[in-house]
Amino acid sequence: MYYEINIEIPGFEGTLDLLVQWVRRYEIDIVDVRLSDVARQVAGELLEDVDLLRFSPFLTLSKLMFIKSRTLLPGEEVLDEGDLEDEDVPEDEEEPTRVRERLEEVYKTVKAAGEYFKAIAAENNKRLRSFQTRRGELPEFIDEIAYIEQITPFDLMITMNKILKRNMDQPVYRVKVDEAQLLSDRISRVFDFVFQRRGTTVSFDDVIEEQKQEKPEVVLSFLAVVFLVTQGKVVARQQTPYGDIYLTIRRSERRASLNAEPE
Amino acid sequence: MLNLNETVNVIQGILFLSPLPVSTKDIAEHLKIDAALVEHAIIALEKKLEGGGLELMKVAGGFELVTRSEYSEHLRAFFGKLDSTRLSRAALETLSIITYKQPVTRNEIESVRGVNSSGVLKSLLDRGLINITGKSEAIGRPFLFSTTDDFLRYLGVDSLEDLPALDSFEKKF
């Protein structure tokens with residue numbers, strides 16, 4: 001059984017369903033509808049004859065509440081503690097339309113402030129700073145990022161397989177770093193090898209090939225390269241992950257070594 | 001010990017090389033000279049730059065050496081496209097709310113703008129124009145957002161006090 005409840009609020013007199021229809025057709029602005037008044041009238045009507053089956057007006061009322069909640073502020077209102085403690089809340093609360101108008105004013109104000117920011121930022125943008133033209137060398141990882149952007153999931157899968165295969169196939173080699181003499185000899189040998197080929201690019205594979213090294217020796221040579229790179233004596237470049245490592249003597253080092261050479 | 005003329009030249013060098021505004025306090029500390037001498041030197045440097053292509057600008061609590069705006073067109077013709085921050089209307093609106101209401105929560109921003117602003121806030125955070133300066137005591141303890149020194153640099157102002165009061169924009173619509 002369907003119950004119709006008559007509502008009487010400023011600007012409207014009729015059934016609750018009609019009110020919902022008018023709101024939906026924008027003939028009444030939901031912002032102007034005081035839902036507390038509507039709810040009070042609905043509750044008053046229902047209290048006269050308590051029947052738990054008469055819930056349909058609440059559903060209708062909930063529609064109105066839903067529409068109003070969507071129309072009003074999207075965010076949750078944050079109240080200060082002072083607001084909650086204030087007992088002198090005026091009986092004649094601010095009309096919803098006024099609240100919306102005030103918000104529109106605030107919005108227009110911040111919009112105007114935003115326009116002002118845009119104007120002064122544009123003026124400021126006419127003043128140039130020296131750092132804007134300093135490009136410098138791009139960090140080397142930029143290339144790697146560009147490379148990564150181009151790869152497909154299939155490439156990733158292949159790479160992962162490679163890594164897994166390496167881990168399974170290759171034993172872990174350990175080099176006793178306390179054998180300082182051994183490492184320092186290797187550092188000197190690798191440096192000399194690269195230095196003698198100054199002006200050309202030497203790959204890490206060339207270093208290994210030339211000295212016909214076994215796997216533990218390769219690790220030692222790699223440590224020597226790492227040492228030379230960290231000491232700034234050699235520059236190492238790698239075009240792609242897992243690609244060849246190319247070694248060149250750092251310019252300053254080349255000059256220093258040439259100066260030290262007997263004429 | 002540097003004399004005034006040398007101090008002026010050193011400060012000019014510092015400002016030329018620095019990617020960020022430099023405060024008189026920083027200069028005084030690093031050069032181990034009196035702050036009053038630095039201020040004196042700054043005034044002298046401003047006079048020295050008069051009529052030239054560069055000028056001193058007080059930004060975000062420090063000084064920057066910048067080119068004069070009237071030569072912008074020619075300089076851009078020479079250097080081509082230079083890095084600069086361009087913001088959308090939504091970002092500018094959000095920035096103006098934060099500027100005048102800071103520290104402010106996302107909800108408070110959205111209540112004024114009427115739309116979800118999380119994307120804009122993220123973008124402004126990424127650009128360093130705003131940062132999170134705490135949490136509100138309101139339910140859920142939402143983050144509070146404030147503007148940064150980079151924002152002052154973006155506008156080219158020394159401090160927030162240099163901006164017009166929010167009321168002054170009311171009559172503009």
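Naming convention: chains lettered A, B, ... in sequence-line order (proteins, then strands); numbering from 1 in each chain. Given the structure is predicted, the values throughout are model-derived calculations rather than measurements.
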> Side chain, backbone, both or neither: which part of Phe151(B) has a non-hydrogen atom closer than 4.5 Å to chain A?
Replying inline: side chain
>> Show, in sequence, the C-alpha distance, side-chain angles and deciding distance for Leu166(B) and Thr109(A), and conclude whether the side-chain contact (heavy atoms from CB on, under 4.5 Å) test is met.
In response: CA-CA 7 Å; Leu166(B) 187 61; Thr109(A) 307; 3.6 Å; yes
>> Just verifying a value: how many Å separate Leu128(A) CG and Leu54(B) CG, rounded to the nearest 0.5 Å?
In response: 10.5 Å
> Distance from Ser96(B) atom OG to Lys111(A) atom NZ, nearest 0.5 Å?
Replying inline: 11.0 Å
> For Lys101(B), does the NZ atom have more than 12 heavy-atom neighbours from other residues, nucleotides or ligands under 6.0 Å away?
Replying inline: no
> At a heavy-atom separation under 4.5 Å, does Tyr154(B) approach chain A through its side chain, its backbone, both, or neither?
Replying inline: both
> How long is the gap from CZ on Arg127(A) to OG1 on Thr67(B), to the nearest 0.5 Å?
Replying inline: 9.0 Å
> How about Phe143(B): does its CZ atom have over 12 heavy atoms from other parts shown lying under 6.0 Å from it?
Replying inline: no
>> As an exercise, state the distance from OG1 of Thr99(B) to OH of Tyr116(A), rounded to the nearest 0.5 Å.
In response: 11.5 Å
> Would Leu163(B) and Ile120(A) count as a side-chain contact (heavy atoms from CB on, under 4.5 Å) if you check the C-alpha gap in whole Å, the side-chain angles of each, and the deciding distance to 0.1 Å?
Replying inline: CA-CA 10 Å; Leu163(B) 294 171; Ile120(A) 61 168; 4.0 Å; yes
> Which one, Arg68(B), Glu55(B), Arg106(B), Glu73(B), leads in non-hydrogen pairs under 4.5 Å with chain A?
Replying inline: Glu55(B)
> Hey, does the side chain of Ser130(A) reach the backbone of Phe16(B) with a donor-acceptor pair shorter than 3.5 angstrom?
Replying inline: yes
> Can you tell me how far the CG atom of Leu87(B) sits from the NZ atom of Lys118(A), to the nearest 0.5 Å?
Replying inline: 10.0 Å
>> Determine whether the aromatic ring centres of residues Phe169(B) and Phe117(A) are separated by less than 6.0 angstrom.
In response: no
> Could you state the interatomic distance from NZ (Lys126(A)) to OH (Tyr71(B)), rounded to the nearest 0.5 Å?
Replying inline: 14.0 Å
>> Pair Met57(B), Asn124(A) - check side-chain contact (heavy atoms from CB on, under 4.5 Å), show working.
In response: CA-CA 10 Å; Met57(B) 215 178 150; Asn124(A) 185 39; 3.4 Å; yes
